[in-house]
Amino acid sequence: MTPADLSAVIRASVAAAVDAGDLLGEAPTEVVVERPKNPEHGDYSTNVALRLAKPAGKPAREVAEAIAARLRTADGIAKVDVAGPGFLNITLAADALGALAVSVVAARDDYGVGTVLAGQNLNLEFVSANPTGPVHIGAVRWAAVGDALARILQAAGAQVTREYYFNDAGSQIERFARTLREVANGRPVPEDGYAGAYIDEIAHAVVAANPDVLSLPEDEQTEVFRRDGVDRMFAEIKESLAGFGVHFDVYFNERDLHANHKLDAAIKRLRDQGNIYEDDGAIWLRTTRYGDDRDRVLVRSNGEWTYFAADCAYYLDKRDRGFDRVVIMLGADHHGYINRLRAMATSFGDDPDQTLEILIGQLVSLVRDGEPLRMSKRAGTVIVLADLVDAIGADAARYALVRYSSDQSIDIDLDAWARQTNDNPVYYVQYAHARTRNVARNAESFGIGLDDFHPELLDNAADAALLTALGEFPRVVAAAAELRAPHRLAHYLENLAGVYHRWYDTDECRVTPRGDDPVTDGNRARAWLNEATSVVLANGLRLLGVSAPERM
RNA sequence: GCGCCCGUAGCUCAACGGAUAGAGCACUUGACUACGGAUCAAGAGGUUGCAGGUUCGAGUCCUGCCGGGCGCACCA
């Protein structure tokens with residue numbers, strides 16, 4: 001019996017109590033079943049009676065008793081206690097609980113896949129680092145979190161497009177191009193230019209591919225360095241992301257917005273909505289009408305588009321491509337954009353609560369030798385994605401970035417990460433998976449296959465703890481998706497790994513017999529439970545983009 | 001000044017408004033004739049920054065303070 005099954009059974013008991021006149025009000029459409037922290041509180045518990053007490057006009061414990069009386073007669077339920085202010089603590093019959101292992105193994109890769117977000121077509125934009133340098137550490141957080149979130153949203157039933165916005169049209173790109181040109185000509189990096197070893201590499205690569213470039217007039221040189229340099233920079237960015245296991249469905253070029261006159265079209269749309277005005281020779285969007293603290297310029301008095309104008313056109317383009325929800329992941333230094341972007345969506349006639357979602361991740365800072373590391377793109381002192389992967393591996397880096405709430409700013413201690421010791425919880429979880437595989441290999445050598453299954457033999461407290469933990473997985477995935485919180489999944493996996501390790505160390509729960517003992521049905525039942533655990537750990541790690549090793 | 005995020009064990013962090021606030025690391029003490037110990041068991045560690053409020057119930061929601069981080073352009 002899964003928690004969802006149990007929830008349905010409880011709903012039926014509540015409905016029966018209502019029909020019998022024991023309760024006033026209506027039966028709730030949803031009954032939350034949770035896994036109690038304290039094992040004395042049964043396999044599962046629910047607070048449904050506490051929630052019904054007020055509409056029923058009765059003390060919660062009385063409501064709980066009315067529900068419990070009916071629940072006790074249901075199939076698969078061994079014990080129901082009313083506890084505390086009115087919790088229902090439920091213990092399942094061993095066979096009903098144990099049957100979960102079969103459902104997990106049968107569902108295999110699909111265990112945890114659900115439908116809470118079914119029908120939603122989401123565009124998830126993340127990273128979007130400018131192609132003027134390698135992916136720096138701030139964007140790395142979103143690479144890990146964004147990719148994991150995309151996987152989780154898909155598991156929850158949403159249709160997800162991963163998108164990278166490629167700012168290839170701004171003045172930063174011009175500075176990048178001029179820097180390459182100056183360096184290639186053997187001159188110093190301009191005052192407002194970029195520094196770093198990668199600049200020399202790219203400048204030389206552009207010259208090697210375009211041998212005549214340095215004999216062209218300066219402005220034509222700049223054009224070559226802009227076009228070819230950005231291409232090479234972007235190829236490098238894609239390569240480092242691929243090394244991190246992150247791939248995008250769409251790389252969207254800002255230049256295409258300009259080339260296809262999308263900005264003009266967006267302004268026309270906004271003007272039709274009556275939200276545009278001119279002042280001081282500039283064209284403004286009246287975002288203050290929709291909650292921004294000041295209006296925003298779209299076209300400067302010198303005739304140039306602002307970055308915000310491109311944002312408007314880009315948003316409109318996403319909506320026109322059919323996405324009903326536009327999700328953008330930004331760093332904390334961009335939180336001031338939320339109001340103007342929401343106001344922009346409203347200006348188009350959208351309800352930003354429905355169509356636009358901006359996720360803010362607090363900043364990542366680096367620490368070395370106990371001292372914060374100051375980074376400057378100018379000075380070329382940057383830690384980039386590829387460095388991180390080289391130092392500690394993609395699995396550890398991804399896991400370490402994804403296990404913290406995005407609301408939490410994090411310090412990354414490079415020394416600790418480089419040490420690669422087991423104080424990084426990723427090893428704890430991965431080892432649990434490797435252990436399930438090892439146990440499975442041992443079982444095979446004993447001729448214990450996944451055939452004969454006697455769920456009622458999973459009668460140890462450690463069996464029940466492991467089964468209820470496995471049962472929780474689909475709800476954790478759904479919650480992580482709805483709350484946009486992949487770290488919840490990481491913490492769940494750490495907890496599951498701990499429950500599994502304890503189960504493994506329980507003498508009564510062995511999969512293979514000790515010494516010369518014969519293989520029993522109990523051993524065979526535990527082989528199923530071991531396999532189910534293996535499935536959940538693998539599925540969970542996969543959703544985080546972390547590998548689930550067969551051996552370590 | 002205004003806005004967003006944070007403040008929980010020595011450290012790093014969890015906790016759909018639920019029960020005695022939990023993990024890991026570090027520390028102390030145990031378990032290797034082992035399902036590979038990257039593990040497990042036990043111990044110790046807390047006035048959830050402060051003060052009010054809301055309710056059956058608050059780390060969580062509301063108000064006000066205190067402290068830290070990050071933002072407040074016709075820059076991108």
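First the proteins, then the strands, lettered A, B, ... as listed; each starts at 1.
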Inset, instruction - Would you classify A:Asn38 as touching base, sugar-phosphate or nothing, given that sugar-phosphate means primed atoms plus P, OP1 and OP2, and contacts are heavy atoms under 4.0 Å? - result: base
Legend entry - Pair A:Glu531 + A:Arg526, salt bridge at N-O below 4.0 Å: no
Pairs under 3.5 Å (N/O, protein and nucleotides 5-11 of chain B):
residue: B:C5; atom: O4'; partner: A:Gln362; partner atom: NE2; Å: 3.4
residue: B:C5; atom: O2'; partner: A:Asp407; partner atom: O; Å: 2.5

Inset, instruction - Kindly give the heavy-atom pair with the smallest separation between A:Thr436 and A:Ser534, and that separation in Å. - result: OG1-OG, 3.0 Å
Legend entry - Nucleic acid contacts - residues 469-477 of chain A versus RNA chain B, non-hydrogen atoms under 4.0 Å: none
Inset, instruction - In plain terms, say whether A:Asp505 and A:Arg502 are close enough for a salt bridge, that is, a side-chain N and a carboxylate O under 4.0 Å apart. - result: no
Inset, instruction - Measure the spacing between CZ of A:Arg403 and CG of A:Leu401 and express it to the nearest 0.5 Å. - result: 11.5 Å
Inset, instruction - Measure from the side chain of A:Glu40, starting at C-beta and using heavy atoms only, and say which of B:U20, B:C16, B:C74 lies closest. - result: B:U20
Inset, instruction - Would you classify A:Ser301 as touching base, sugar-phosphate or nothing, given that sugar-phosphate means primed atoms plus P, OP1 and OP2, and contacts are heavy atoms under 4.0 Å? - result: base
Legend entry - Positions of residues 79-88 of chain A (non-hydrogen atom under 4.0 Å from RNA chain B), listed by number: A:Ala83, A:Pro85, A:Phe87
Legend entry - Touch class at under 4.0 angstrom, heavy-atom based, for A:Ala60 against every strand present: nothing
Inset, instruction - Identify which nucleotide among B:A19, B:A73, B:C40 has an atom closest to any side-chain atom of A:Arg294, counting heavy atoms from C-beta outward. - result: B:A73
Inset, instruction - Output every pair passing ring-ring contact (aromatic ring centres under 6.0 Å, His included) with a member in residues 37-62 of chain A, not counting sequence neighbours, ordered by first then second residue. - result: none
Inset, instruction - Taking only the side-chain heavy atoms of A:Tyr404 (C-beta and beyond), determine which of B:A14, B:G37, B:C74 contains the nearest atom. - result: B:A14
Inset, instruction - Using Watson-Crick or G-U wobble pairs with both distances under 3.5 Å, give me RNA chain B in dot-bracket, 5' to 3', with [ ] for crossers and | for pairs to another strand. - result: (((((((..((((....[...)))).(((((.......))))).....(((((..]....))))))))))))....
Inset, instruction - Check each residue of residues 488-499 of chain A for a non-hydrogen atom within less than 4.0 Å of any atom in RNA chain B, then write out the ones that pass by number, or none. - result: A:Arg488, A:His491
Inset, instruction - Look at the side chain of A:Asp333 and decide which nucleotide, out of B:C16, B:C70, B:A41, has an atom nearest to it. - result: B:C70
Inset, instruction - For the side chain of A:His487, starting at C-beta, report the closest nucleotide among B:U39, B:A14, B:C4. - result: B:A14
Legend entry - Electrostatic pair A:Asp292-A:Arg342, nearest N-O below 4.0 angstrom: no
Inset, instruction - Name the nucleic acid region contacted by A:Leu50, choosing base, sugar-phosphate or nothing; use a 4.0 angstrom heavy-atom cut-off, strictly under. - result: base
